Amino acid sequence: GTFACFMACLMSHTATSNLILPIIMTLPIEPLQPAALGVAFACSLGMTFPISTPPNAIAFSTGDLTSKDMLITGSMVTTLSLLITFTLGWLWWDFCLF
């Protein structure tokens with residue numbers, strides 16, 4: 001999940017999930033559903049650069065933000081999101097899968 005999030009910071013979230021999820025689905029992980037769900041969710045947490053999401057690109061295109069501004073704020077948001085997801089996410093995934 002952390003690797004997927006790091007990749008999503010550097011490229012599109014959709015492209016990252018299309019690249020990583022087929023690899024995750026072939027791994028012998030039991031149960032597979034929480035692992036795939038965690039990786040898919042982690043792909044949407046990358047908020048570091050303008051390329052990550054269209055809203056980031058729109059905000060960057062106004063000219064009011066620099067890449068450094070997005071890097072500082074985006075890395076804090078991404079780190080906090082990963083910490084919350086992989087600590088409290090297990091409770092939520094167990095609830096949603098049953």
Side-chain angles (χ1 to χ4, degrees):
T2 304
F3 180 69
C5 183
F6 176 72
M7 283 185 60
C9 287
L10 301 175
M11 57 192 282
S12 168
H13 294 176
T14 307
T16 303
S17 63
N18 282 334
L19 184 70
I20 299 236
L21 277 176
I23 297 169
I24 293 297
M25 297 302 281
T26 60
L27 294 176
I29 299 172
E30 197 59 43
L32 183 63
Q33 293 154 333
L37 181 63
V39 169
F41 191 73
C43 285
S44 66
L45 297 178
M47 301 289 170
T48 308
F49 293 112
I51 196 163
S52 300
T53 64
N56 282 4
I58 292 170
F60 184 74
S61 70
T62 63
D64 294 335
L65 297 172
T66 63
S67 292
K68 184 179 178 183
D69 296 333
M70 295 191 84
L71 178 65
I72 292 168
T73 307
S75 61
M76 288 188 296
V77 169
T78 300
T79 304
L80 183 64
S81 299
L82 277 174
L83 287 174
I84 291 171
T85 299
F86 292 124
T87 56
L88 299 177
W90 293 106
L91 299 171
W92 179 72
W93 292 327
D94 287 339
F95 178 74
C96 289
L97 291 176
F98 296 109

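Because the structure is predicted, anything quoted here is derived from the model rather than measured. Numbers for residues simply follow the sequence, beginning at 1.
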| message | I'd like to know whether CD1 of Ile51 has more than 12 heavy-atom contacts from other residues, nucleotides or ligands below 6.0 angstrom. | response |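 Not more than 12 within 6.0 Å, no.
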
| field | Side-chain (Thr78) to main-chain (Met47) donor-acceptor, under 3.5 angstrom | value |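 Yes.
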
| Any donor and acceptor pair, going by atom type alone, linking the side chain of Thr73 with main-chain N or O of Met70 inside 3.5 Å? |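 Flag not set: sc Thr73 to bb Met70 has no pair under 3.5 Å.
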
To the nearest 0.5 Å, tell me how far [X] [atom1] sits from [Y] [atom2].
| X | Y | atom1 | atom2 | result |
| --- | --- | --- | --- | --- |
| Ser17 | Phe41 | OG | CZ | 13.5 Å |
| Cys9 | Leu71 | SG | CG | 9.0 Å |
| His13 | Thr16 | NE2 | OG1 | 7.0 Å |
| Thr87 | Leu82 | OG1 | CG | 10.0 Å |
| Thr53 | Leu45 | OG1 | CG | 11.5 Å |

same_hphob_cluster([X], [Y]) at 4.5 Å side-chain heavy-atom cutoff:
| X | Y | answer |
| --- | --- | --- |
| Phe3 | Leu10 | no |
| Leu80 | Leu88 | yes |
| Ile20 | Met11 | yes |

| Looking at side-chain heavy atoms only, is the closest gap between Leu27 and Ile24 below 4.5 Å? |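 Leu27 vs Ile24: side chains touch.
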
| 4.5 Å side-chain heavy-atom contact, Asn56 and Phe49 |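 Answer no - side chains too far apart.
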
| For Gly46 against Ser52, the heavy-atom pair lying closest together |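 Of all heavy-atom pairs spanning Gly46 and Ser52, the closest is O-CB, 3.3 Å.
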
